[in-house]
Every structure is written in structure tokens, then in C-alpha cells.
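Hydrogens, waters and symmetry mates play no part in the numbers below; they use all other heavy atoms, side chains included. Just so we're on the same page: letters track the sequence lines, and every chain starts at 1.
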There are 2 protein chains.
Amino acid sequence: MAELETRERILETALELIWQSNYNSVGVNEICKQTGVSKGAFYHHFESKASLFCEATRYYWTAIKHDLDAIFSPLNTPIQQLENLIAFLLTAKLGDKDADEIHGCPFFTAGAQIGIDEKEVQIALRDISEKAIQYDFALVKALQAGDYLVDKEDPELLARLIYQFIHGVMSFSQLCGDTDYSRQDMPRGLYRLIGLKREFWFATTPTWKIGA
Amino acid sequence: MAELETRERILETALELIWQSNYNSVGVNEICKQTGVSKGAFYHHFESKASLFCEATRYYWTAIKHDLDAIFSPLNTPIQQLENLIAFLLTAKLGDKDADEIHGCPFFTAGAQIGIDEKEVQIALRDISEKAIQYDFALVKALQAGDYLVDKEDPELLARLIYQFIHGVMSFSQLCGDTDYSRQDMPRGLYRLIGLKREFWFATTPTWKIGA
DNA sequence: CAATATACATACCGATCGGTTTGTATGTCA
DNA sequence: TGACATACAAACCGATCGGTATGTATATTG
């Protein structure tokens, strides 16, 4: 049981450190030091840094999937789902804390921070991106079915646009260190991209809360 | 004169290498080897790797500014300016070559690849981002003045949205290694974000060409 | 022509990288 | 109680990192 705990502690520390800066600039030593374990422990649980990150993304996906399923619960109206998504994006950090700095959802930030090298890492990120886009896809179809949108654009296209826009806003906020823009730009950009009818803009209060 | 040439060759090589992968994973040694100069030459011209990158961004900005001024020339209609921008984003590499891989505009990719460390690099990127957004801002105002848009959204907001969206698309295409999506998503996303009236979608052929 | 500055090349530095090896404390099981 | 596996800790490895120290060939200047 101590095994599992150490392993998960390493995974969480690694994720936190990596998407605060990036994959290349965070060393195994730092991960170990922050976690409070030795290098022997690290390589007892993971066979390489790359495979650690791959497992970490999968680990994070399982953690976040609960949030996503709650956000996009069929009990919520499509509009509520959208509002939930926005609230999630603007507040989601890693479990802890209360305030300022967005370091964002790793799906959206890490992808941009990875170099071309380390193929298996790139693949892991692509996989997780595709899964995330699936959620956007379902949301768009629901919005279309509910007649919330001003036009009938290809939902696959819209799902990609949503993902890419979110990705851009997240990266921008990290670059600028300013979250005020994000809080303003994220919802407005999404509404415009999706083509949400004006009467639904900021229509509801989110049903989703952190860690609920 | 040999001085200037060597210096510029290092700048160009560095930019190319860095935004093909990222700042942290490209070493000074590799930059030197690719440029075909020694490390002595490198540190004769630049006092550090970080300051090299800062100068490289400024260098690239002066190079790209000509393109941007041509793209947004007052001789072009606002629609032509927009189409030019899209053509530019989809074709711009670094001077050379003919085909496939987007490695994108460094303003949009490098920002995401930089870690939190190396403050001066971050500042250089932020500066260049702000300049780029100014062009978007002017474009939006021209489009509004010409009654090309379906609504009168805050032009500053739209300028940021444009920049962030472009940033996201560029990063996404790098992550996926697929440019087909970008070619489709870039214009459609921009049209929707901006709120361009439908009759102007894909209205003109760009007046801008690479290196013109 | 001597003196000096420029523009590099070569060799090297300590620090840090991802990863390995070895040792050991603590189980678990026969 | 002895045998073996698990879960680490500590020390160490070659490679590579950004950066420096030193040497030299060439151009410029007095």
C-alpha cells in the first residue's frame, strides 16, 4: 500500500511540475526531490522519464474523466454543460489551492510544450487530446439538437475549433501571466466560435464545482 | 561583413531549430553545429543563449514586419487583408522550402514552449505578441468600419481572440503533425470568431505571397 | 612595419541530465 | 527461523548542458 501511495505521489508531483514549466526542463531529480523520494524509488516504479509522463497523462485522464462526465452529465442541459466546461477551464488546477495562477489543463498546455523528440510522449498527448475532443463533439451535437446555435456547422469541425481555441487561451494566459483576459476571453470566444445564440450567453450558473 | 553574416546565420539557424522543437531542448552546441560555426563564434556574437533568443525574436520581427505590412496594406480591402493573413499563416515557414510541415510562426509556437524560467525570454515573447495583436486590432476595426461583421463586438477583445485562436491552431497542428486540419480550421475558426458576414467567407484570393 | 582590435577555433570547465548499481530495511511465506 | 521478494536509499555513471579560457589568423590603424 505504501507502494501505491509513493507511485501516485510521484505521478501527481510530476504532472504538477511539468505543466508548470515543461517536460524538457523538469528533471527526474527535481521530481524526486519535490516528491520526497529517492531516485531509486523513482526507477523502481517507472522505467523511464518518458514512460512516467505517459502513465501520468493516463493517470490524470482517469482523474479528470470524473469531472468531465459530471460536467457533461445528461442531467445537465447543453447550456449548463457549456457553462460547466467554462467554469472548469477557468478554475481547474491540480486538486489543491484557492487562487490566482492558472497552470491550466495539461491536455491543453503540455501539448504545446513538448518538443518533436520523445515520440511516445507525443502519442500519449495526442491520444488524450482526441479523447477530450470527443467530449466537445458530443456537446456540439447536443447544442445543435437543442437548437441553441445560429447555424448548422459541421460538429466535428466545431469540436476541433473549440479544443484549439481553449488550447490557445490557456497558453496565452500562461505566457502573459494574466488570468483576467482568460476569464473574459474564454467564454466569449467559445460562444462566438460555436455560434451560440445570443439569448443563451452567460445564461446559467454552472452546476459543476471543483472536485465535486 | 563576415561578422554580420555569421551573426545572422546563427540567428536564423537558432530560430529554425528552436521552433521546430523547443527552447529548452535545443542546445548551443547544436545551433553552432548546424550553423557551421564554433562555440567561440557563438559567444563572440551573443552573451548567452537567452539573449540570443531575445535578439532572434527581434530579428524575426523585423523580417516578418515587412510581410505583415504588406498583408495589412491600406491598398487592400479589409477582406483581402484577412485572406492574406490566413494565407500567410498557412504557408509561412522560414523563408525556404516548398511543402508540407508547418512549424509555424514562432510568436505562436515558441510562447507555448517556453517555461516559466528565463524571464527575459518570456518578456521578449510577450512584447512580440503584443505587437502582433496590434495588427489584428487594426484589422478588426477596419472590418467593423466596412460593415463586414455581423455584430459590433469590442475590437480589442476580438483582436485577442484572433491571436489566441491562431496560437491554438498552430500548436495543435504541431502536436498532430497534420496540416490538413489547420488549413480547414484556420479560416473557418477566424470567420466565426470575428463574426464575418457569410457572403464574405472565402471571398477573395489573397494578394499576399511568400517573400513578396 | 609594429600595435592593436576583430573574428573566430579549440579545448576545457563545473553542473546537471537521465539512468544504473549496489546496499538494506521490511515485509511475506514455507 | 531461514529464504526470498518488495520498496526503497545512496552513490555513482557517461553524456551533455551552458559557458569560459586561451590561442590564432586576419584586418585595421598609427
Side-chain angles (χ1 to χ4, degrees), chain A residues 1-57 59 110 113-122 124, chain B residues 1-57 59 110 113-122 124:
Chain A
M1 79 191 73
E3 178 197 356
L4 278 178
E5 217 200 76
T6 298
R7 184 186 170 82
E8 290 188 2
R9 272 170 51 222
I10 294 176
L11 285 172
E12 287 178 10
T13 307
L15 278 178
E16 197 161 356
L17 288 177
I18 285 174
W19 74 66
Q20 265 173 11
S21 60
N22 77 56
Y23 178 80
N24 292 300
S25 66
V26 173
V28 173
N29 285 318
E30 195 184 344
I31 294 173
C32 291
K33 201 168 69 182
Q34 284 287 330
T35 313
V37 300
S38 69
K39 224 147 163 204
F42 182 98
Y43 281 99
H44 171 72
H45 291 287
F46 306 99
E47 67 173 22
S48 72
K49 184 192 173 189
S51 84
L52 155 80
F53 184 76
C54 292
E55 293 196 41
T57 59
Y59 170 80
Q113 294 170 349
I114 293 295
I116 311 288
D117 23 69
E118 224 75 74
K119 272 282 189 301
E120 69 176 305
V121 171
Q122 201 176 353
Chain B
M1 80 190 74
E3 179 199 353
L4 278 178
E5 217 201 75
T6 299
R7 185 187 168 81
E8 291 188 2
R9 271 169 51 222
I10 294 175
L11 285 171
E12 287 179 9
T13 307
L15 278 178
E16 196 160 358
L17 288 177
I18 286 173
W19 74 67
Q20 266 172 11
S21 58
N22 77 57
Y23 177 80
N24 291 299
S25 64
V26 172
V28 173
N29 286 318
E30 194 185 345
I31 294 173
C32 292
K33 202 167 69 179
Q34 284 286 329
T35 314
V37 299
S38 69
K39 220 147 163 203
F42 182 98
Y43 281 98
H44 172 70
H45 290 288
F46 306 99
E47 68 173 23
S48 73
K49 184 192 173 189
S51 83
L52 155 80
F53 184 75
C54 293
E55 293 197 41
T57 59
Y59 171 79
Q113 293 169 349
I114 295 293
I116 311 290
D117 23 70
E118 225 74 76
K119 272 282 189 299
E120 71 176 302
V121 171
Q122 202 177 352

From [atom1] of [X] over to [atom2] of [N], roughly how many Å is that when rounded to an integer?
X       : N      : atom1 : atom2 : value
A:Phe46 : C:dG18 : CZ    : P     : 15 Å
A:His44 : C:dT26 : NE2   : C1'   : 13 Å
A:Ile31 : C:dC17 : CD1   : C1'   : 12 Å
A:Glu8  : D:dA7  : CD    : P     : 14 Å
A:Asn24 : C:dC17 : CG    : P     : 12 Å
B:Glu47 : C:dA7  : CD    : P     : 17 Å
B:Leu52 : D:dG18 : CG    : C1'   : 12 Å
A:Leu17 : C:dG18 : CG    : P     : 12 Å

Exercise. How many angstroms lie between atom CD of A:Glu30 and atom OG of A:Ser25, to the nearest 0.5 angstrom?
Worked result: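 Nearest 0.5 Å value for the CD-OG distance: 8.0 Å.
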
Exercise. In Å, rounded to the nearest 0.5 Å, how long is the span from CD of B:Glu8 to NE2 of B:His45?
Worked result: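 Spacing of CD (B:Glu8) from NE2 (B:His45) equals 10.5 Å.
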
Exercise. Hey, is the side chain of B:Lys49 pairing donor to acceptor with the base of D:dG19 inside 3.5 Å?
Worked result: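 Answer is no: no donor-acceptor pair is held.
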
Counting side-chain heavy atoms from CB outward, which of [options] is closest to [X]?
X       : options               : answer
A:Tyr43 : C:dT20, C:dT10, D:dC8 : C:dT20
A:Ser48 : C:dG19, C:dT10, D:dC8 : C:dG19
B:Lys39 : C:dC8, D:dC8, C:dA11  : C:dA11

Exercise. Is any side-chain heavy atom of A:Phe46 closer than 4.5 Å to a side-chain heavy atom of A:Arg7?
Worked result: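 Yes; the side chains approach each other to less than 4.5 Å.
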
For this session: Please tell me if the side chains of A:Thr35 and A:Ile31 come closer than 4.5 Å, counting only heavy atoms from C-beta onward.
Result: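 Side chain of A:Thr35 against side chain of A:Ile31, heavy atoms only: contact under 4.5 Å found.
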
Look at the side-chain N and O atoms of [X] and state whether any lies under 4.0 Å from the OP1 or OP2 oxygen of [N].
X       : N      : result
A:Thr6  : D:dC8  : yes
A:His45 : D:dA7  : no
B:Asn29 : D:dC17 : yes

Problem set entry | Over-ring placement of B:Lys49 relative to B:Tyr23, 6.0 Å and 45° cut-offs |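 That pair qualifies as a cation-pi contact.
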
For this session: Indicate, with a heavy-atom threshold strictly under 4.0 Å, whether B:Gly27 touches base, sugar-phosphate, or nothing.
Result: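 If one applies the 4.0 Å heavy-atom cut-off, B:Gly27 turns out to touch the sugar-phosphate alone, with no base involved.
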
For this session: Find which nucleotide of DNA chain C each of A:Gly40 and A:Val26 is nearest to by heavy atoms, and output the residue with the more 5' nucleotide.
Result: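 Nearer the 5' end of the strand: A:Val26.
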
